[in-house]
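We count ligands from 1, going down the list as the structure has it; atoms in each ligand are counted the same way.
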Amino acid sequence: MSEGLVSPHAGTHVPVLVEEVIHALAPVEGAVMVDGTYGGGGYARAALAVANFTLIGIDRDPEAMKRAWEHAGRDPRLIPAPGRFGELEAILHAMGREMVDGIMLDLGVSSFQIDEAERGFSFMRDGPLDMRMERKGPSAADAVNHLTEGELADIFHILGDEHGARRVAREIVHRRRAQPFTTTLDLANVIEKSLGGRRGKPTHPATRSFQALRMWINDESGELVRALGAAERVLKPGGRLVIVTFHSIEDRIVKLFLRSRSGNDPSVSRHVPRAPKGRAPTFEVLQRKAMEPSEAEQDANPRSRSAKLRWALRTDAPAWDAGPDEGFRLPGLKQLEGVA
Ligand SMILES: C[S@@+](CC[C@H](N)C(=O)[O-])C[C@H]1O[C@@H](n2cnc3c(N)ncnc32)[C@H](O)[C@@H]1O
């Protein structure tokens, strides 16, 4: 194990459910594994500490990739690979690889991203209304200044579970006629006002709407669906898929995918492709209930509170050939093409 990779100065993101993730991933000598959400490298360091194997570290955020290159300079077992985990197959092909022994994903944003005002993820810090993990494509400002009231309401309702979604969308559209949105605090204040202020609410009234916008801008659910299909195609028999989610929609997508692919309910969801008749299960789920952080972890790291871990073993059955873009659909980024 390289000293470099276990440096205590490696950053301020506190990884969630680390022991459980590494236990589920079970890296062994000589394996090739993927960390699809490198972030601050917390999982990567923990995994490389338990076995001597190759870890491909993917992240769509150029800042995370800088950290990965720095770490890789100290530990050659880590191979940084910039990109999206939804494009896992293309990333592997470009590296001359086809199959891997394990994949871990730790969804959502890192503390590095949230804490940096200039990235525009946080309603607590004033900054440009950006929220793009990759720093390209349409920004959150483009979304709130150009989508229709109905589209905005759908985003806040579906992705944010915001009960006041319509009110929020109406107020945004009303305000932008006078002056387009450019900053996080400006948007947070308008959302707060539309929901009747704070009035003893435990969380900031903009929490749900900000999360929904971030998920939409980065097509986070679409990325997850594509990653699940890719994982089925690139994992070797016996390979491990380990996913930590922070949002009920994402946990549901993972749960329904694994349920259908393990032969336990080939049905009923628009989130995952239908089971073709007579297909053999491609995953084995040994632990049906999602793992959650202990109370102690939740107290020590409040960000862990909504975390859920699911994992499964790839069988030797052929993949079900879901196309790379099949599955979950929301109002697409298409509405913003040509805007940004
Ligand atoms: C919760 S953090 C991961 C933290 C990491 N496990 C650690 O221990 O430091 C999530 C990371 O995933 C990245 N990410 C989110 N969606 C992605 C995607 N579709 N493809 C690649 N990286 C993604 C984000 O940029 C962020 O750095």
Euclidean distance, Asp106 CG relative to Leu309 CG, rounded to 0.5 Å: 9.0 Å
Pairwise ring-ring contact (aromatic ring centres under 6.0 Å, His included) hits with a residue in residues 160-180, at least two apart: none
Nearest heavy atoms of Ala206 and Ile191, plus distance in Å: CA-CG2, 3.8 Å
Proximal protein residues to ligand 1, non-hydrogen atoms under 4.0 angstrom: His13, Pro15, Gly36, Thr37, Tyr38, Gly39, Gly40, Gly41, Gly42, Tyr43, Asp59, Arg60, Asp61, Gly83, Arg84, Phe85, Asp106, Leu107, Gly108, Val109, Ser110, Gln113, Met133, Glu223
All pairs passing ring-ring contact (aromatic ring centres under 6.0 Å, His included) where residues 177-213 contributes a residue, at least two apart: Phe123-His204, Phe123-Phe210
Residues which pass side chain to side chain contact (heavy atoms under 4.5 Å, CB included) with Glu220, listed by chain and number, not counting sequence neighbours: Met133, Arg214, Met215, Asn218, Glu250
ILVMFWY network linking Ile22 to Val28, side-chain heavy atoms under 4.5 angstrom: no
